[in-house]
Amino acid sequence: MAPAVTGADDASIPDLGPLGIWSFHLDVQPMARAREAAAELDELGFGSLWVPEAVAREPFANAALLLGATARMTVATGIASLHARSAMTMNAGWHTLSEAFPGRFLLGVGVSHQTLVEGVHQGQYSEKPYSAMAAYLDRMDAGVFMGASPAGAPTRVLAALGPRMLRLAAERGVGAHTYFVPVEHTAVARAALGNTALLVPAITAVFETDPGVARRTARAFMARYLELPNYTNNLRRLGWGEEDLSAGGSDRLVDAIVAWGSLEQIAARVQGHLDAGADHVCVQVHNTDTRHLPLDEWRQLASIASSLRTSSVAI
C-alpha cells in the first residue's frame, strides 16, 4: 500500500532553497536538448524546475525524463490538471515518480481554467473549483496503488489563489504554488496558509531595461492570462480595478506582475516575494521567441541565489 499523504505540518516538506526555474521553453525543445538544459540548471544550483501542462508535453513523462537527466534538483508539475486524468491515474503517477526519484518529485495539482478544460481536454469545468479539488483529493487518497512504494510519503502542492483553496493546500498537501501574482498576494497567501506550509510563487522576468520595450514584451506574456477569470478575479480581490485589467493591463499592473529591468532589479523582485513570506520563488524568463532557450538569463539568475534571504515567517 502507498504511504500516507503528507500535510503541511509534516517534516518531509522539501527544502528547495530560495530559487528555482519555471519553464515552458523546455517543452518545445527536442527532449535531448531539454535534458541537456535541465542538467545545466541542476549544475547551476537551482533548487527546482517546474514544468507546465497545457498544450505541450505530458507532465509525468516530461518530469521523469528531466529527473533522469539531473542529480539533485526537484522537478515539479506546475500544474498537472485534475481534468486531464483520473484521480487514480494521478495518484499512480505521483507515487511512481516519488519512488523512482526519492525526495525529488513534487506534484503540483490544480483545477486549471475553463477554456483549457473544455477546449483542450474536452471536459466539463466545475463552477465550484474548491469542491471539485476536495473531492478529487479524496479520490486520490482513497486510490489503490500496489506498485513499489516510495520510501517516504510523496509530496504535493495545490495551485491556489483564493483563501479557501490556500487553506486546502495546507490541509491536504504541503503547501501552495501560486502564479501570475504580485508581491502583495504572497503576503495574503502566507497569512492564509499559516507559517508551516510551503509557499512557492512563480514570477515572470523580462531581461530588458528599456521601459517601453520591457512593457510591450510583458504585455505579450500577460495577454492570455488577463482573459482567464481565475487570475483576474484574484487581482480584483487584491484591489486592482477594471482600469488596471483592461487594454493589456495598466503600467502599474504590468510592473507588479512582471519583473523587468536589470539583474539587480529582477533579484529585488524575487527578494520581495521572499520577504513577503515565500519559501521559494521559481522564475519564468520570458522573451519574444519561446523556442529560444534563455540560457544566458538562467546563468545570470543562478548568480543571485546565494544573496537571497528567506523571510522569518516562512518555514
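This one's a predicted model, so the numbers in the text were calculated from it and none came from an experiment.
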Q: Are any side-chain N or O atoms of His280 and backbone N or O atoms of Gly17, one a donor and one an acceptor, separated by less than 3.5 Å?
A: yes

Q: So, do Asn91 and His95 sit near enough that their side-chain heavy atoms are less than 4.5 Å apart?
A: yes

Q: Is Tyr136 reachable from Ile79 through a run of hydrophobic residues whose side-chain heavy atoms are each under 4.5 Å from the next?
A: no

Q: Are Leu16 and Tyr179 grouped together when hydrophobic residues (ILVMFWY) are joined by side-chain heavy atoms under 4.5 angstrom apart?
A: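 Shared cluster, yes.
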
Q: So, for Val51 and Pro59, which heavy atoms are closest and what is the spacing to 0.1 Å?
A: CG2-O, 4.4 Å

Q: What's the verdict on side chain to side chain contact (heavy atoms under 4.5 Å, CB included) for Leu158 and Val109, showing C-alpha distance, side-chain angles and the deciding distance?
A: CA-CA 5 Å; Leu158 304 187; Val109 59; 3.4 Å; yes

Q: What I'd like to find out is whether the side chain of Arg156 reaches to under 4.5 Å of the side chain of Val174, using heavy atoms alone.
A: no

Q: Which pair of non-hydrogen atoms, one from Arg167 and one from Ala192, has the smallest distance, and what is that distance?
A: CG-O, 3.6 Å

Q: Is there a side-chain contact between Phe46 and Thr70 (heavy atoms, below 4.5 Å)?
A: no

Q: Is a salt bridge present between Arg164 and Glu171, judged by a nitrogen-to-oxygen distance below 4.0 Å?
A: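 Between Glu171 and Arg164 there is no salt bridge, as every charged N stays at least 4.0 Å from the carboxylate O atoms.
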
Q: Give the minimum heavy-atom separation between Gly272 and Val183, together with the two atoms involved.
A: O-CG1, 3.6 Å

Q: Judged by modelled atom types alone, do Asn62 and Glu58 share a side-chain donor-acceptor pair under 3.5 Å?
A: no

Q: Is it true that a side-chain atom of Arg57 and a backbone atom of Leu26 form a donor plus acceptor pair closer than 3.5 Å?
A: yes

Q: Would you mind reporting whether Ile266 and Leu301 have side-chain heavy atoms less than 4.5 Å apart?
A: yes

Q: Between Arg215 and Glu208, does any side-chain N to carboxylate O distance fall below 4.0 Å?
A: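 No salt bridge links Arg215 with Glu208.
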
Q: If you measure from the Lys or Arg side-chain nitrogens to the Asp or Glu carboxylate oxygens, is any gap between Arg104 and Asp42 under 4.0 Å?
A: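 Looking at Arg104 and Asp42, the cut-off is not met.
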
Q: Using the rule that two of Ile, Leu, Val, Met, Phe, Trp, Tyr join whenever any of their side-chain heavy atoms come within less than 4.5 Å, decide whether Val188 and Leu235 are in one cluster.
A: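 As far as the 4.5 Å side-chain criterion goes, Leu235 and Val188 are connected within one cluster.
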
Q: Would you indicate whether the side-chain heavy atoms of Leu308 and Ser306 approach each other to under 4.5 Å?
A: no

Q: Any donor and acceptor pair, going by atom type alone, linking the side chain of Arg190 with main-chain N or O of Ala197 inside 3.5 Å?
A: yes

Q: Looking only at side-chain N and O atoms, does Thr217 offer a donor or acceptor that is under 3.5 Å from a partner on His286?
A: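 No, because no side-chain N or O of His286 sits under 3.5 Å from a partner of the opposite role on Thr217.
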
Q: Using side-chain heavy atoms (C-beta onward) and a distance below 4.5 Å, is Leu19 in contact with Val283?
A: yes

Q: In plain terms, say whether Arg299 and Asp296 are close enough for a salt bridge, that is, a side-chain N and a carboxylate O under 4.0 Å apart.
A: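 A salt bridge links Arg299 with Asp296.
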
Q: Show the numbers, then the answer: is there a side chain to side chain contact (heavy atoms under 4.5 Å, CB included) between Thr310 and Asp279?
A: CA-CA 6 Å; Thr310 55; Asp279 299 293; over 6 Å; no

Q: For the residue pair Tyr231 and Tyr225, categorise the inter-ring angle as parallel (less than 30°), tilted (30 to 60°) or perpendicular (more than 60°).
A: perpendicular

Q: Treat each ILVMFWY residue as a node, draw an edge where side-chain heavy atoms are under 4.5 Å apart, and state whether Val270 and Phe207 are in one component.
A: yes

Q: For Val111, does its backbone N or O pair with a side-chain atom of Ser81 as donor and acceptor, under 3.5 Å?
A: no

Q: When you check the side-chain N and O atoms of Ser48 and Trp50, is any donor under 3.5 Å from an acceptor?
A: yes

Q: Taking Ser250's backbone N and O only, do any of them form a donor-acceptor pair with Glu243's side chain (distance below 3.5 Å, no angle check)?
A: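 No; zero donor-acceptor contacts below 3.5 Å.
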
Q: Measure from the side-chain N and O atoms of Asp244 to the backbone N and O of Gly241, and report whether any donor-acceptor pair falls under 3.5 Å.
A: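 Yes; at least one donor-acceptor contact below 3.5 Å.
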
Q: Is the charged tip of Arg269 near the ring of Trp260: under 6.0 Å from the six-membered ring centre and within 45° of its axis?
A: no

Q: Start with the C-alpha distance between Thr204 and Ile257, add both sets of side-chain angles, then the distance that settles side chain to side chain contact (heavy atoms under 4.5 Å, CB included), and finish with yes or no.
A: CA-CA 7 Å; Thr204 300; Ile257 294 291; 5.9 Å; no

Q: Parallel, tilted or perpendicular, judged at 30° and 60°: which one describes the rings of His25 and Trp298?
A: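 His25 vs Trp298 ring planes: perpendicular.
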
Q: Considering only heavy atoms from C-beta outward, does the side chain of Met73 approach that of Glu43 to under 4.5 Å?
A: no

Q: Decide side chain to side chain contact (heavy atoms under 4.5 Å, CB included) for Val75 and Leu106; before the verdict, give the C-alpha distance in whole Å, the side-chain angles of both, and the deciding distance to 0.1 Å.
A: CA-CA 6 Å; Val75 175; Leu106 178 60; over 6 Å; no

Q: Quick check: are there more than 12 heavy atoms from other residues, nucleotides or ligands sitting under 6.0 Å from CZ of Arg291?
A: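 No - once you tally the heavy atoms of other residues, nucleotides and ligands closer than 6.0 Å, there are 12 at most.
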
Q: State, to 0.1 Å, how close Leu193 and Ala170 come at their nearest heavy-atom pair, and which atoms those are.
A: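 Looking at all heavy atoms of both residues, the shortest contact is O-CB, 3.7 Å.
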
Q: Quick one: are Leu253 and Met222 in side-chain contact, heavy atoms under 4.5 Å?
A: yes

Q: Has the side chain of Gln265 got a donor or acceptor atom that lies under 3.5 Å from a matching backbone atom of Ser262?
A: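 Yes, Gln265 side chain to Ser262 backbone: donor-acceptor pair under 3.5 Å.
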
Q: Between Ile203 and Leu263, is there a shared hydrophobic cluster once you connect ILVMFWY residues whose side-chain heavy atoms come closer than 4.5 Å?
A: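 In one cluster with Ile203: Leu263, yes.
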
Q: Of all heavy-atom pairs between Val200 and Cys282, which one has the smallest distance, and what is that distance?
A: CG1-SG, 3.9 Å

Q: Test your reading of the model: is there a side-chain donor-acceptor pair from His185 to the backbone of Leu161, 3.5 Å cut-off?
A: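 Between the backbone of Leu161 and the side chain of His185 there is a qualifying donor-acceptor contact (under 3.5 Å).
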
Q: Between the side chains of Asp251 and Arg219, is the shortest nitrogen-to-carboxylate-oxygen separation below 4.0 Å, so that they form an ion pair?
A: yes

Q: Does Ser246 reach the main-chain N or O of Glu242 with its side chain, forming a donor-acceptor pair under 3.5 Å?
A: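 A pair under 3.5 Å: yes.
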
Q: Verify ring pair (Phe, Tyr, Trp, His ring centres under 6.0 Å) between Trp94 and Phe145, making sure each step is shown before the conclusion.
A: CA-CA 10 Å; Trp94 181 31; Phe145 179 74; 9.9 Å; no

